[in-house]
Asks: 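Just passing along the structure, written as structure tokens.
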Amino acid sequence: MRRPTALLALTVSFACAQDPPPLGDVTRSDSFLLAATKIGLPPVVRSVDSLPEAESLGARSLVAFCGQCHAVPAPSFHSAGDWPIVLRRMWLRMDHLAPDYRVGVPSTGERHALLQYLQGHALAVADNLPDHPGRDTFVRVCSQCHALPDPRTHTTADWPVVFLRMRENMTRMHVSAPDQAETTAILGFLERSTIVPGSRR
């Protein structure tokens with residue numbers, strides 16, 4: 001496993017590899033800030049029309065402001081409790097970028113609408129997890145980065161794909177990823193805990 005300093009090195013190398021933008025007085029810290037947004041990005045929203053309530057102010061603000069620097073994140077990428085923290089971090093970054101980058105900054109009303117929208121369509125968080133084998137491994141591994149998702153968020157067919165994406169995110173962010181035994185335990189727990197489409201379980 002790489003040491004955490006590798007993340008800083010990756011950020012610096014990405015920023016330094018870019019040609020200087022043909023803009024005015026842009027600081028080096030701004031370049032690092034923009035480069036950092038490209039590390040460990042959330043899943044890409046394939047189509048804006050696929051967003052829930054795509055015509056709402058919240059959805060339009062998500063596309064207009066978040067899509068300026070990186071792929072538009074799915075509202076379900078974070079829980080309702082996590083989104084305020086994530087948005088505050090993003091807004092601080094936007095507020096401190098030099099004007100020459102021409103990054104649009106949301107108004108107070110747009111920020112409020114965006115937060116409400118993301119919380120309204122956020123990741124469904126687990127309430128009382130069933131006591132199936134693998135439960136403790138699921139809790140320990142998956143809570144390293146985010147709130148624990150409700151196993152019913154995805155089907156038994158979808159969970160392996162979602163798990164693989166999460167594991168790749170962990171590797172990219174230099175978070176301890178599950179080994180083969182832990183992977184088997186987590187997927188087994190999710191399979192037992194997920195409601196299979198068409199079943200009455």
Side-chain angles (χ1 to χ4, degrees), residues 1-2 4 6-7 10 36-54 56 58-59 62-63 66-67 70-87 89-90 114-201:
M1 177 176 161
R2 298 177 184 174
L7 179 58
L10 178 60
T37 65
K38 297 182 181 295
I39 295 178
L41 295 179
V44 177
V45 172
R46 300 295 180 187
S47 168
V48 174
D49 294 336
S50 68
L51 285 170
E53 298 181 66
S56 66
L62 178 68
V63 174
C66 302
H70 54 69
V72 177
S76 59
F77 186 70
H78 293 292
S79 68
D82 289 338
W83 269 122
I85 300 170
V86 174
L87 285 180
R89 185 172 69 241
M90 293 296 102
L114 179 56
L115 176 58
Q116 281 195 320
Y117 173 76
L118 290 172
Q119 288 186 311
H121 301 284
L123 172 73
V125 178
D127 185 8
N128 293 313
L129 290 172
D131 192 22
H132 296 317
R135 179 182 186 275
D136 292 344
T137 305
F138 169 71
V139 171
R140 175 172 50 79
V141 172
C142 300
S143 65
Q144 292 181 95
C145 300
H146 52 71
L148 292 172
D150 188 327
R152 294 169 296 181
T153 301
H154 298 288
T155 67
T156 51
D158 290 339
W159 265 121
V161 178
V162 175
F163 181 85
L164 178 60
R165 187 179 71 235
M166 293 297 101
R167 196 180 192 286
E168 289 174 347
N169 285 344
M170 295 173 76
T171 301
R172 196 161 61 236
M173 295 300 291
H174 307 285
V175 175
S176 181
D179 58 25
Q180 185 58 53
E182 291 170 324
T183 296
T184 300
I186 292 171
L187 289 178
F189 169 76
L190 291 171
E191 182 178 356
R192 294 183 183 92
S193 306
T194 301
I195 296 178
V196 180
S199 73
R200 297 182 179 180
R201 196 174 67 177

Asks: Would a 4.5 Å heavy-atom cut-off, applied to side chains only, mark Ser143 and Leu148 as touching?
Replies: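 Yes, side chains in contact.
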Asks: Looking only at non-hydrogen atoms, find the nearest pair between Met170 and Ala177 and report the distance.
Replies: CE-CA, 3.9 Å
Asks: So Leu118 and His78, do their side chains get closer than 4.5 Å, heavy atoms only?
Replies: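 Side chain of His78 against side chain of Leu118, heavy atoms only: no contact under 4.5 Å found.
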Asks: Looking at every non-hydrogen atom in both residues, tell me the closest pair between Gly67 and Val72 and how far apart they are.
Replies: CA-CG2, 4.0 Å
Asks: Side chains of Leu123 and Asp82, heavy atoms from C-beta outward: is any pair under 4.5 Å?
Replies: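 Leu123 does not reach Asp82 side chain to side chain.
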Asks: Specify the closest pair of heavy atoms between Phe189 and Pro151, including all atoms of both residues, with the distance to one decimal.
Replies: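 Minimum heavy-atom separation between Phe189 and Pro151: CE2-CG, 4.3 Å.
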Asks: Are Pro84 and Gln119 close enough that some pair of their side-chain heavy atoms sits under 4.5 Å apart?
Replies: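 Sidechains of Gln119 and Pro84: in contact.
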Asks: Taking all non-hydrogen atoms of both residues into account, name the closest pair between Pro149 and Phe138 and its distance.
Replies: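 Nearest pair, atom of Pro149 first, then Phe138: O-CZ, 3.7 Å.
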Asks: For Phe163, is there any backbone N or O sitting under 3.5 Å from a side-chain donor or acceptor partner on Arg167?
Replies: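 No.
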Asks: Is there a side-chain contact between Asn169 and Cys145 in this structure, where contact means two heavy atoms from C-beta onward sitting under 4.5 Å apart?
Replies: no
Asks: Do Met90 and His70 come close enough that some side-chain heavy atom pair is under 4.5 Å?
Replies: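 They are in contact (side-chain heavy atoms under 4.5 Å apart), so the answer is yes.
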Asks: Of all the heavy-atom pairs spanning Thr156 and Pro160, show the shortest one and how long it is.
Replies: O-CD, 3.3 Å
Asks: Answer whether the closest heavy-atom distance between the side chains of Arg135 and Ser193 falls below 4.5 Å.
Replies: no
Asks: Between the side chain of Glu182 and the main-chain N/O of Asp179, is any donor-acceptor distance below 3.5 Å?
Replies: yes
Asks: Show the nearest heavy-atom pair for residues Asp158 and His154, with the distance to one decimal.
Replies: CB-CB, 3.9 Å
Asks: Look at the side chain of Trp83 and the backbone N and O of Leu115, then say whether any donor-acceptor pair between them is shorter than 3.5 Å.
Replies: no
Asks: Can you tell me how far CG of Leu62 sits from CD of Glu53, rounded to the nearest 0.5 angstrom?
Replies: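 Going from CD on Glu53 over to CG on Leu62, the span is 12.5 Å.
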